[in-house]
2 protein chains.
Amino acid sequence: MPNNQFKKGELYSFVTGKASTAIARRLQKKFNNAGLNLTIEQWSVLYHLWKQEGMSQQELCNATFRDKPSITRLVDNLERLDLVKRVASENDRRINLIYLTRQAQKLQEQSMILAEETLNEALETVPVDKIEVCKEVLQHVYDNLK
Amino acid sequence: MPNNQFKKGELYSFVTGKASTAIARRLQKKFNNAGLNLTIEQWSVLYHLWKQEGMSQQELCNATFRDKPSITRLVDNLERLDLVKRVASENDRRINLIYLTRQAQKLQEQSMILAEETLNEALETVPVDKIEVCKEVLQHVYDNLK
DNA sequence: TTTGATTAGTTGCACAAACAACTATATGCC
DNA sequence: GGCATATAGTTGTTTGTGCAACTAATCAAA
């Protein structure tokens with residue numbers, strides 16, 4: 001028997017991602033309260049563009065672990081909110097490079113502060129060494145399945 | 001500074017629940033390959049009914065961390081698949097008690113095997129003591145935010 | 001016992017995810 | 001060059017989520 005350490009009730013939490021769902025909801029509420037008209041999913045796309053602008057949609061797929069249709073629609077919505085712009089690549093006209101608007105650049109600091117705030121609330125009174133182990137395990141899980 | 005152990009890249013994984021998303025996708029694929037016409041979300045509702053039949057929709061909300069409209073629609077779809085039945089409570093006619101059909105009872109064993117299989121794949125080569133710590137941390141996070 | 005508040009569930013809407021099928025462009029091989 | 005194949009992105013469909021507004025039933029207090 002392999003790593004079968006999961007009683008039934010624990011199995012459930014792992015599959016459904018109770019903790020990460022709770023984190024995302026908390027962050028979404030913070031966005032709403034701050035008047036940021038932005039979903040967590042939209043934020044997760046901007047997150048990567050803030051690190052590196054001009055990514056292609058395919059690169060955003062890889063970065064965000066979403067499929068192409070999901071990114072198409074997220075970019076649609078971000079464009080409608082005037083936060084990003086699609087720019088056709090010069091070299092390869094199949095490719096859209098995604099650029100941030102002024103408005104999106106202004107959102108970075110505020111939203112990142114709220115995200116860190118959320119994580120601090122989530123991890124309050126959790127010992128630092130345990131957090132380290134937890135991060136390791138989650139990365140390991142991801143690597144096992146990807 | 002509180003538990004601010006998160007470099008930016010790690011923050012992202014925690015908020016987006018990379019690991020649990022990967023687990024859910026893997027399980028969904030196993031369902032599909034096995035010919036189980038069932039979403040993970042539907043499974044998560046059945047999961048609780050297998051433990052205790054005749055729960056109200058509100059109780060299912062609490063058990064699955066979903067809001068009332070989500071449960072309404074999940075029960076709608078489960079009813080359409082002929083897996084559950086709504087039965088009005090005798091005592092309180094506002095309440096729907098949810099009962100499993102024969103067909104749903106038959107799904108329990110097979111789907112639970114696939115779920116455990118998925119977790120074993122996810123946790124392959126992860127040391128048991130680290131898994132314990134990880135579970136603790138995730139529960140702690142959930143308690144901090146709920 | 002009637003009225004006001006609470007609770008259980010439903011419906012409408014906007015957004016997102018997964019899959020399949022599609023278009024358009026690029027590449028590689030003959 | 002021309003055709004097969006691969007790649008980037010889009011569209012349609014079904015399902016799920018979160019919020020707000022709603023209905024119906026119950027409860028509680030005057």
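Letters A, B, ... mirror the listed sequences (proteins, then strands); counts begin at 1.
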Strictly below 4.0 Å, heavy-atom distances to any atom of DNA chain D: list the hits from residues 21-42 of chain A, or just say none. Arg25(A)
Please list, chain by chain and in numerical order, all residues satisfying side-chain hydrogen bond (donor to acceptor under 3.5 Å, both in side chains) with Gln103(B), sequence neighbours excluded. none
Taking only N and O in the side chain of Arg66(A), is any of them less than 4.0 Å away from OP1 or OP2 of dA17(C)? yes
What one should report as the nearest heavy-atom pair of Lys68(B) and Cys61(B) is CA-SG, 3.6 Å
side-chain hydrogen bond (donor to acceptor under 3.5 Å, both in side chains) against Glu79(B), all qualifying residues, sequence neighbours excluded: Arg86(B)
I need the residues from residues 67-85 of chain A with at least one non-hydrogen atom less than 4.0 Å from DNA chain D; give them sorted by number, or say none. Lys68(A), Pro69(A), Thr72(A), Arg73(A)
Separation of atom CD in Glu90(B) from atom P in dA25(D), rounded to whole Å: 15 Å
Reading DNA chain C from 5' onward, which residue's closest nucleotide shows up sooner: Asn96(B) or Phe65(A)? Asn96(B)
Cationic N near anionic O, under 4.0 Å, Glu53(A) to Lys85(A): no
Within the pair Asn91(B) and dA25(D), is there a side-chain N or O less than 4.0 Å away from OP1 or OP2? no
Whether Glu121(A) and Lys30(A) form a salt bridge (side-chain N of Lys/Arg under 4.0 Å from carboxylate O of Asp/Glu) is what I want to check. yes
Do Arg94(B) and dT7(C) share a donor-acceptor pair, side chain to base, under 3.5 Å? yes
Round to the nearest Å and state the distance from Leu97(A) atom CG to dT25(C) atom P. 16 Å
Has Gln57(A) got a side-chain N or O lying under 4.0 Å from the OP1 or OP2 atom of dT7(D)? no
Test of understanding: with side-chain hydrogen bond (donor to acceptor under 3.5 Å, both in side chains), list the residues that count as partners of Arg80(A), not counting sequence neighbours. Asn77(A)
Run the numbers on Thr125(B) and His140(A) for side chain to side chain donor-acceptor pair (under 3.5 Å), then give the verdict. CA-CA 9 Å; Thr125(B) 76; His140(A) 201 140; 2.8 Å; yes
Interatomic distance where CD belongs to Gln58(B) and C1' belongs to dA24(D) [whole Å]: 16 Å
Indicate whether OP1 or OP2 belonging to dT10(C) is found under 4.0 Å from a side-chain N or O atom of Arg86(B). yes
Going by side-chain contact (heavy atoms from CB on, under 4.5 Å), name the residues that satisfy it together with Arg25(A), two or more places apart in sequence or in a different chain. Thr21(A), Phe65(B)
Answer with yes or no whether the hydrophobic clustering places Leu81(A) together with Leu107(A); edges join I, L, V, M, F, W, Y residues whose side-chain heavy atoms lie under 4.5 Å apart. yes
Using the closest heavy atom to pick a nucleotide of DNA chain C for each, name whichever of Asp92(B) or Arg93(A) lands nearer the 5' end. Asp92(B)
